[in-house]
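Labels below follow one simple rule: chain letters A, B, ... track the order of the sequence lines, proteins then strands, and each chain is numbered from 1. Quantities reported herein were computed from a predicted structural model and do not represent experimental measurements.
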2 protein chains.
Amino acid sequence: MTASPHILIVDDHREIRDLVSRALVREGFRISQASDGKAMRKILADARIDLILLDLMLPGESGLSLCRDIRAHSNVPIIMVTAKGEEVDRVIGLELGADDYLPKPFGTRELIARINSVLRRTQRSVQEPEAENQRRNYRFDRWVLSADSRELLRDDGVSLSLSTGEFDLLMALVERPQRVLSREQLLDLARGRAASAFDRSIDTQVSRLRKKLEADPSDPRIIQTVWGGGYMLAAKVTAE
Amino acid sequence: MTASPHILIVDDHREIRDLVSRALVREGFRISQASDGKAMRKILADARIDLILLDLMLPGESGLSLCRDIRAHSNVPIIMVTAKGEEVDRVIGLELGADDYLPKPFGTRELIARINSVLRRTQRSVQEPEAENQRRNYRFDRWVLSADSRELLRDDGVSLSLSTGEFDLLMALVERPQRVLSREQLLDLARGRAASAFDRSIDTQVSRLRKKLEADPSDPRIIQTVWGGGYMLAAKVTAE
DNA sequence: CGGCGCTGTAACATTCCGTCACAATTGCGA
DNA sequence: TCGCAATTGTGACGGAATGTTACAGCGCCG
């Protein structure tokens with residue numbers, strides 16, 4: 001990963017989120033915040049998160065429950081944070097799939113060290129084939145996008161090979177159809193990086209994609225522009 | 001064995017697996033991990049493992065049971081690891097076919113020394129072809145890669161011989177289909193070494209492989225390039 | 001209808017990749 | 001152990017993919 005890691009802070013206390021957030025931003029991390037499980041799920045659906053800092057004590061769903069929930073369909077690294085420094089929690093957290101455990105109060109240095117450690121560990125740890133990455137095919141308009149072979153097949157049999165960037169961008173769109181995605185989001189989802197000032201790379205890539213898959217690139221029906229908002233995959237998508 | 005040994009760590013604690021994994025990766029070993037017997041069998045079926053580091057205490061099937069089970073149809077070296085430092089276990093483990101025994105806690109140096117010792121000790125016998133159970137044929141696209149004869153067989157009967165390097169690289173890819181592998185990873189998996197600056201050897205080898213097995217090497221469908229990422233075997237692979 | 005900000009895209013710059021030719025290394029038989 | 005042949009690594013160059021810049025055109029708002 002060449003871009004800076006994107007970290008999601010889940011905590012119901014705004015002051016804590018902001019405090020942690022500032023410290024991590026200073027370190028060069030990109031940050032998103034959620035105050036509860038609902039907001040967390042929304043962000044996980046909308047962004048490519050590299051690590052979750054998950055508070056154990058949350059109103060409504062507990063951190064442990066959320067942790068298990070996340071693990072059910074993702075292996076994004078999780079660091080559990082809690083004020084209850086009891087060993088029991090540590091064990092439970094790790095059993096539920098957390099990658100590390102951080103008792104409050106913690107210092108900035110320790111936090112950063114843990115984050116870097118977990119990131120390094122999960123990055124380098126050789127793949128466990130437990131994640132049966134059963135990828136899919138997405139059907140939309142006249143096309144079928146095969147997530148495995150990175151191919152685009154038109155209903156008349158024409159096969160089109162996509163470049164890496166085109167594929168990544170199209171996947172981001174196809175996985176979130178009929179939803180407006182900002183350039184910022186798309187950059188995060190497809191490239192895993194933040195936008196620089198006057199960043200137009202998404203626009204260019206969209207333009208190139210349209211040339212390939214729109215019947216009339218000057219009148220795009222599949223990838224539509226939302227003025228002032230971003231782009232949206234307008235076509236209906238069925239995953240198979 | 002030109003490539004570095006491929007070691008399988010079987011332990012239910014993720015922390016321990018990662019810790020050991022990191023230490024061994026640093027030593028140049030190739031690592032796979034399993035958290036239980038099921039995952040272990042899956043890996044043993046899909047990869048050529050040179051040594052198993054098997055924890056005695058596992059939820060569900062115990063390490064002893066797994067050890068006996070492995071021995072029933074393979075002679076892959078096994079090092080038993082356990083926290084219970086009792087002599088009894090050692091005896092039982094060795095009786096069941098373990099090649100060595102390592103009590104927790106153990107240091108990195110000792111672990112590596114034991115592994116190297118066992119590998120050296122068992123190298124001769126492993127060469128003896130009783131390992132029919134380990135070697136497999138991989139079927140993908142129009143090809144069958146025979147792990148025994150290092151040959152590629154096309155479905156029209158054409159047979160193609162591969163050089164050592166081509167074979168090792170293709171095995172690395174075929175054992176991990178639909179996953180992007182960085183040049184760094186591929187060098188480690190296929191050659192057992194780290195990349196030097198401006199290392200392009202993987203690129204040339206991929207190029208050579210494509211020439212042999214792609215229908216149209218200028219539009220590769222089997223080994224795909226992931227721009228800025230590495231390579232990926234796009235075809236579906238079935239082991240038989 | 002006019003200005004401003006946003007978008008489309010061509011053109012250029014940059015980075016990464018494919019592959020050729022050749023050098024270095026390895027494997028193997030004499 | 002030596003020498004040859006096959007294999008593998010290196011450097012170079014062209015080409016492809018992507019990012020950046022610039023400018024033309026469009027949409028929104030008054």
Subject >> Donor-acceptor contact present, side-chain A:Arg176 to main-chain A:Asp46, <3.5 Å >> reply: no
Original post:
Side chain of B:Glu151, backbone of B:Ser161: donor and acceptor closer than 3.5 Å?
Top reply: no
Original post:
Quick one: B:Leu187 CG to D:dT8 P, roughly how many Å, whole number?
Top reply: 13 Å
Original post:
What's the CG-P distance between B:Asp199 and D:dG11, to the nearest Å?
Top reply: 10 Å
Original post:
Got a sec: does the CZ of A:Arg142 have more than 12 other heavy atoms crowding it under 6.0 Å?
Top reply: yes
Original post:
OP1 or OP2 of C:dC6 sitting under 4.0 Å from any side-chain N/O of A:Thr225?
Top reply: no
What are the atom names and distances for every N/O pair under 3.5 Å that joins the protein to nucleotides 25-28 of chain D?
none

**OP:** Using atom CD of B:Gln205 as one end and atom C1' of D:dT10 as the other, report the distance to the nearest whole Å.
**Re:** 14 Å
Subject >> A:Arg136 side chain to A:Asp148 backbone, donor-acceptor under 3.5 Å >> reply: no
Subject >> Protein-nucleotide distance (A:Arg183, atom CZ; C:dG8, atom C1'), rounded to Å >> reply: 10 Å
**OP:** Could you list the residues that satisfy side chain to side chain donor-acceptor pair (under 3.5 Å) with A:Asp36, not counting sequence neighbours?
**Re:** none
Subject >> Gap between atoms CD1 and P, on B:Ile202 and D:dG11 respectively (whole Å) >> reply: 16 Å
Original post:
What residues, two or more places apart in sequence or in another chain, satisfy salt bridge (charged side-chain N to carboxylate O under 4.0 Å, His left out) together with A:Arg208?
Top reply: none
**OP:** Could you pick out which residue, B:Pro220 or A:Pro217, lies toward the 5' side of DNA chain C when each is mapped onto its nearest nucleotide?
**Re:** A:Pro217
**OP:** Mind grabbing the angle between the end helix axes of the helix from C:dC1-D:dG30 to C:dA30-D:dT1? Five pairs an end, 10° rounding.
**Re:** 30°
Original post:
Taking the side chain of B:Thr204 as heavy atoms from C-beta outward, which of D:dT10, C:dT7, D:dT18 is closest to it?
Top reply: D:dT10
Original post:
Can you tell me if A:Arg210 uses its side chain to pair, donor with acceptor, with the backbone of A:Ile223 under 3.5 Å?
Top reply: yes
Original post:
Looking for any heavy atom pair under 4.0 Å, which part of the strands does B:Ser163 touch: base, sugar-phosphate only, or nothing?
Top reply: sugar-phosphate
Short heteroatom pairs, N/O only, protein and nucleotides 3-5 of chain D, under 3.5 Å:
none

**OP:** For B:Ser218, answer base if it contacts any base atom (sugar-phosphate contacts may also be present), sugar-phosphate if it contacts only those atoms, and nothing otherwise; contact means non-hydrogen atoms under 4.0 Å.
**Re:** nothing
Subject >> Nearest-angstrom distance from the residue atom OH of B:Tyr231 to P of D:dA17 >> reply: 13 Å
Subject >> Interatomic distance where CG belongs to A:Leu162 and P belongs to D:dA16 [whole Å] >> reply: 17 Å
Subject >> With A:Ile52, the side-chain contact (heavy atoms from CB on, under 4.5 Å) member among A:Ile9, A:Leu44, A:Asp99, A:Ile43 >> reply: A:Leu44
**OP:** Within residues 206-216 of chain B, find the residues that approach DNA chain C with a heavy atom at under 4.0 Å, and present them sorted by residue number.
**Re:** B:Ser207, B:Arg210, B:Lys211
Subject >> Atom-to-atom span, CZ of B:Arg191 to P of D:dT10 - whole angstrom >> reply: 11 Å
